[in-house]
Number of protein chains: 2
Amino acid sequence: MITLTERQSLILKAIVRDYTEGGTPVGSKSLVQELPMKVSSATIRNEMARLEDLGLIVKTHLSSGRIPSIKGYRYYVDHILTPEKVDNRDLKVIQHSLGGEFHKIDEIVAQSADILSQLTSYTTFTLRPELKDSRLSGFRLVPLGNHQVMAILVTNNGDVENQTFTIPNDLSGDELEPVVRFIDDQLIGLPLQDVLAKLQKEIPLKLAHYLQNPDGFLAIFGSVLSKAASERFYVGGKLNLFNYTSLQDPKEMRSLYSLLDQTDNLANVIGTPGQHIQVRIGNEITNDLLKDYSLITATYDVDQHGQGIIALLGPTAMPYSRMIGLMGAFQRELARKLLDYYRYFDE
Amino acid sequence: MITLTERQSLILKAIVRDYTEGGTPVGSKSLVQELPMKVSSATIRNEMARLEDLGLIVKTHLSSGRIPSIKGYRYYVDHILTPEKVDNRDLKVIQHSLGGEFHKIDEIVAQSADILSQLTSYTTFTLRPELKDSRLSGFRLVPLGNHQVMAILVTNNGDVENQTFTIPNDLSGDELEPVVRFIDDQLIGLPLQDVLAKLQKEIPLKLAHYLQNPDGFLAIFGSVLSKAASERFYVGGKLNLFNYTSLQDPKEMRSLYSLLDQTDNLANVIGTPGQHIQVRIGNEITNDLLKDYSLITATYDVDQHGQGIIALLGPTAMPYSRMIGLMGAFQRELARKLLDYYRYFDE
DNA sequence: TTTTAGCACTTAACTTAATGGAGTGCTAAC
DNA sequence: GTTAGCACTCCATTAAGTTAAGTGCTAAAA
């Protein structure tokens with residue numbers, strides 16, 4: 001367990017601040033000017049040597065200034081940093097852009113990602129509150145003529161998922177009606193997870209009473225269901241990659257773009273955030289592509305409706321203090337907005 | 001009007017080929033080796049000087065090899081190039097990937113863009129056949145409970161457009177039923193364009209019989225309608241920008257990405273392709289951002305269902321011969337597949 | 001009249017050398 | 001424990017030199 005003196009702590013803090021703002025290694029001379037204590041650069045140098053021994057700062061070459069190491073950022077985030085109060089103007093932006101009327105949870109969550117990435121110039125992922133509490137509240141099949149049928153699934157949160165299918169010739173719309181009624185009787189009100197489970201076990205057998213060949217129908221129902229039940233991240237500010245990636249290696253950026261395009265990957269990247277706001281720096285992120293970046297994840301609670309995630313990807317040299325402040329603001333505002341939304345549909 | 005001798009033509013052709021393949025300026029010595037005639041490099045140099053006088057090739061500096069000018073590419077495309085027969089393997093890929101079952105025209109068209117960009121490593125836009133022939137064949141409002149209604153619009157081509165709305169408290173699902181019947185009576189069978197026109201003139205008056213405040217409903221209907229009637233390009237192979245853009249200027253790539261993200265811009269970029277396959281090179285493209293690239297556009301005919309567009313964006317130094325061959329293949333295969341599709345729904 | 005060999009000349013790209021600036025570690029004195 | 005002083009290191013930038021590819025031109029050959 002590392003413990004720093006007051007002075008060392010101030011020096012580390014200044015190095016982190018200067019480097020995240022200026023982007024160039026920080027030397028003893030520039031530090032001596034901005035630090036509140038009146039000591040010489042040689043003293044600072046001695047302290048810096050000690051910080052380096054502890055592994056908190058490193059040199060880029062033998063005679064360069066220092067930059068924080070991953071361990072240094074870690075210490076800074078854990079022990080030194082205080083979250084910055086969110087700028088009043090930023091807060092206005094957040095509240096205003098979440099103030100409008102939304103028709104889907106996904107829209108709210110996506111909007112949040114876009115705003116956060118705009119405020120930070122970084123890249124954002126958001127995940128809606130967990131669906132484990134989501135229940136099936138309606139299922140419809142609407143014949144559209146021309147062999148086509150639209151399947152619509154509604155959850156108790158007001159989420160709607162739909163898909164259009166071409167049905168085989170030997171299956172008329174009328175024939176499906178009792179099936180829908182059967183589904184309604186058996187499955188309405190159940191959590192989506194349970195529906196998914198039943199769909200694989202009991203339903204196929206019982207469905208045989210109504211249809212000779214229930215496979216086609218099950219495929220339809222399963223497809224819409226899994227679309228509604230799957231965890232999909234929304235990614236905002238992809239173009240901001242141009243702001244903070246190295247640009248030296250186009251291959252890397254390309255890989256990052258691909259990673260962000262496949263939203264199902266992101267669950268692995270983000271993992272299961274335990275604490276409320278979690279900062280992972282450099283190689284602390286399990287994905288190798290992101291070993292030179294930092295990831296801040298926050299969960300937000302929407303009471304009995306579960307938790308959602310909002311995450312921020314940026315350079316390791318990011319202004320953590322401001323970022324964590326912002327994440328906190330989103331945690332609160334997003335939870336509030338979603339509670340409003342649910343209340344509307346729960347009434 | 002420029003006329004080249006046989007020999008000059010061969011030289012220009014070789015320069016274009018070498019440069020599009022190798023990417024480096026072409027000198028007289030390397031030309032003399034691969035050209036079928038037996039002359040010295042000095043002779044080639046004389047001819048090259050003449051081609052330069054004509055503005056068909058240029059030097060990158062006073063003593064460099066030559067690269068084709070835009071005028072040179074133009075001449076090559078117009079007078080020298082013969083479309084390359086599509087590689088058998090490529091054709092297989094195309095046919096196989098369009099051979100599956102599709103549920104929407106948009107899916108077919110999007111798939112084509114993806115395949116083309118994969119085969120070329122460039123970027124592709126596709127536009128579905130014009131919608132002016134598209135007619136309204138069904139309109140539904142499905143109440144989902146909880147103040148929500150899904151509006152579904154179906155066209156005679158089997159295209160389905162839908163959107164979910166929150167309805168005001170003072171409007172129940174039942175009240176909307178006569179409205180839908182009214183819509184069905186008045187508008188079914190009309191081209192979408194006409195529907196759009198009527199929506200602005202006659203309908204609001206007549207609708208007043210059924211609803212005190214028809215504005216809300218009209219907004220819903222209009223929104224779904226315009227979604228169905230709008231021209232939306234699908235863009236494939238955005239990541240391929242990394243393959244052929246300069247990478248020197250990250251700002252430029254960022255702008256390009258933005259351009260491709262706003263699909264409504266693309267109509268202006270592509271313009272109205274007149275001929276069957278049109279090649280626009282460098283500053284011949286009206287958009288300034290694309291002045292260093294080439295754009296090949298092709299229209300494909302789907303008989304009475306109108307024309308669609310497929311377009312390819314790449315570097316000016318692209319292998320035009322192969323590309324034009326590929327575009328031709330897509331013209332044919334796409335028309336064929338879509339005719340199949342329409343036939344299925346027309347029967 | 002066209003083609004060719006020969007040669008002086010140009011330029012980009014690469015290598016090497018020189019210089020200045022920022023910063024460090026260490027020592028000896030305060 | 002702190003400081004001044006100094007030798008040392010390394011990056012970044014500039015300058016100079018070298019090479020390879022290619023050109024245009026001239027005068028002779030075909």
Side-chain angles (χ1 to χ4, degrees), chain A residues 3-12 14-19 21-69 72 246-248 317, chain B residues 3-12 14-19 21-69 72 246-248 317:
Chain A
T3 322
L4 299 186
T5 66
E6 179 83 3
R7 191 164 72 183
Q8 288 167 340
S9 192
L10 278 173
I11 291 175
L12 177 57
I15 291 176
V16 170
R17 177 160 45 76
D18 285 11
Y19 184 61
E21 281 173 14
T24 49
V26 188
S28 53
K29 271 189 194 154
S30 59
L31 279 175
V32 85
Q33 284 176 16
E34 62 189 289
L35 281 172
M37 48 215 156
K38 39 185 197 298
V39 290
S40 75
S41 66
T43 308
I44 303 288
R45 275 204 292 285
N46 288 333
E47 292 285 39
M48 285 167 92
R50 234 160 293 157
L51 288 175
E52 187 170 10
D53 287 343
L54 292 170
L56 299 177
I57 55 180
V58 291
K59 291 186 273 208
T60 61
H61 59 86
L62 210 74
S63 72
S64 76
R66 306 302 212 295
I67 65 174
S69 68
S246 73
L247 298 171
Q248 303 306 329
Chain B
T3 321
L4 299 186
T5 67
E6 178 81 5
R7 190 166 71 184
Q8 288 166 342
S9 192
L10 278 173
I11 291 175
L12 178 57
I15 291 176
V16 169
R17 177 161 45 74
D18 284 12
Y19 184 61
E21 280 173 13
T24 49
V26 187
S28 53
K29 271 188 194 154
S30 60
L31 279 175
V32 85
Q33 284 177 16
E34 62 189 292
L35 282 173
M37 48 213 156
K38 40 187 196 302
V39 292
S40 76
S41 67
T43 309
I44 303 288
R45 275 205 292 284
N46 288 333
E47 293 284 38
M48 285 167 93
R50 234 160 292 158
L51 288 175
E52 188 171 9
D53 288 342
L54 292 170
L56 298 177
I57 57 180
V58 292
K59 292 186 274 210
T60 62
H61 60 84
L62 211 74
S63 72
S64 75
R66 306 302 212 296
I67 66 175
S69 67
S246 74
L247 297 171
Q248 304 306 332

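Reminder, nothing fancy here: chain letters follow the sequence lines and each chain counts from 1. The analysis underlying the following values was restricted to heavy atoms, covering all of them including side chains, and did not include hydrogens, waters or symmetry mates. Only a predicted model underlies this, so the values are computations on that prediction, with no experimental measurement involved.
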Between [options], which one does the side chain of [X] approach most closely?
X: A:His61; options: D:dC11, C:dG25, C:dG23; value: D:dC11
X: B:Ala42; options: C:dT24, C:dT4, D:dG24; value: C:dT4
X: A:Leu62; options: C:dG25, D:dC10, D:dT23; value: D:dC10
X: A:Lys29; options: C:dG23, D:dT2, D:dG24; value: C:dG23
X: B:Ser63; options: C:dT4, D:dC10, C:dT11; value: C:dT11
X: B:Lys59; options: D:dT23, C:dT24, D:dT3; value: D:dT23
X: A:Val39; options: D:dC25, D:dT3, D:dT2; value: D:dT3
X: B:Ser40; options: C:dC7, C:dT4, C:dT3; value: C:dT4

Give the rounded distance in Å between these two atoms: [atom1] of [X] and [atom2] of [N].
X: B:Arg7; N: C:dT1; atom1: CZ; atom2: C1'; result: 12 Å
X: B:Arg66; N: D:dG22; atom1: CZ; atom2: C1'; result: 9 Å
X: B:Ile57; N: D:dG22; atom1: CD1; atom2: C1'; result: 13 Å
X: B:Arg45; N: D:dA21; atom1: CZ; atom2: C1'; result: 11 Å
X: A:Met48; N: C:dG25; atom1: CE; atom2: C1'; result: 12 Å
X: A:Met37; N: D:dG1; atom1: CE; atom2: P; result: 16 Å
X: B:Ile67; N: C:dA12; atom1: CD1; atom2: P; result: 13 Å
X: A:Gln33; N: C:dA22; atom1: CD; atom2: P; result: 12 Å

inquiry  = I want to check one thing: is the phosphate of C:dT4, taken as OP1 and OP2, less than 4.0 Å away from some side-chain N or O of B:Thr43?
reply    =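 Checking C:dT4 against B:Thr43, a side-chain N or O does come within under 4.0 Å of OP1 or OP2.
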
key: Below 4.0 Å: OP1/OP2 of C:dT11 and any side-chain N or O of B:Thr60   =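 Checking B:Thr60 against C:dT11: no side-chain N or O falls below 4.0 Å of OP1 or OP2.
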
query = Considering the options B:Ile15, B:Ile11, B:Leu4, B:Val16, which one meets the side-chain contact (heavy atoms from CB on, under 4.5 Å) requirement together with B:Leu56?
reply =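 That would be B:Leu4; it is the only one of B:Ile15, B:Ile11, B:Leu4, B:Val16 passing the side-chain contact (heavy atoms from CB on, under 4.5 Å) with B:Leu56.
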
message = Is there a side chain to side chain contact (heavy atoms under 4.5 Å, CB included) between A:Ile67 and A:Val58? Walk through the geometry before answering.
response = CA-CA 6 Å; A:Ile67 65 174; A:Val58 291; 3.7 Å; yes

query = So, B:Arg17 and B:Glu34, do they make that salt bridge, N to O below 4.0 Å?
reply =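 Here B:Arg17 pairs with B:Glu34 in a salt bridge, since their nearest N and O are under 4.0 Å apart.
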
key: side chain to side chain contact (heavy atoms under 4.5 Å, CB included) between B:Thr60 and B:Arg66, intermediate numbers included   = CA-CA 7 Å; B:Thr60 62; B:Arg66 306 302 212 296; over 6 Å; no

request  = Show the numbers, then the answer: is there a side chain to side chain contact (heavy atoms under 4.5 Å, CB included) between A:Ile44 and A:Val39?
outcome  = CA-CA 7 Å; A:Ile44 303 288; A:Val39 290; 3.8 Å; yes

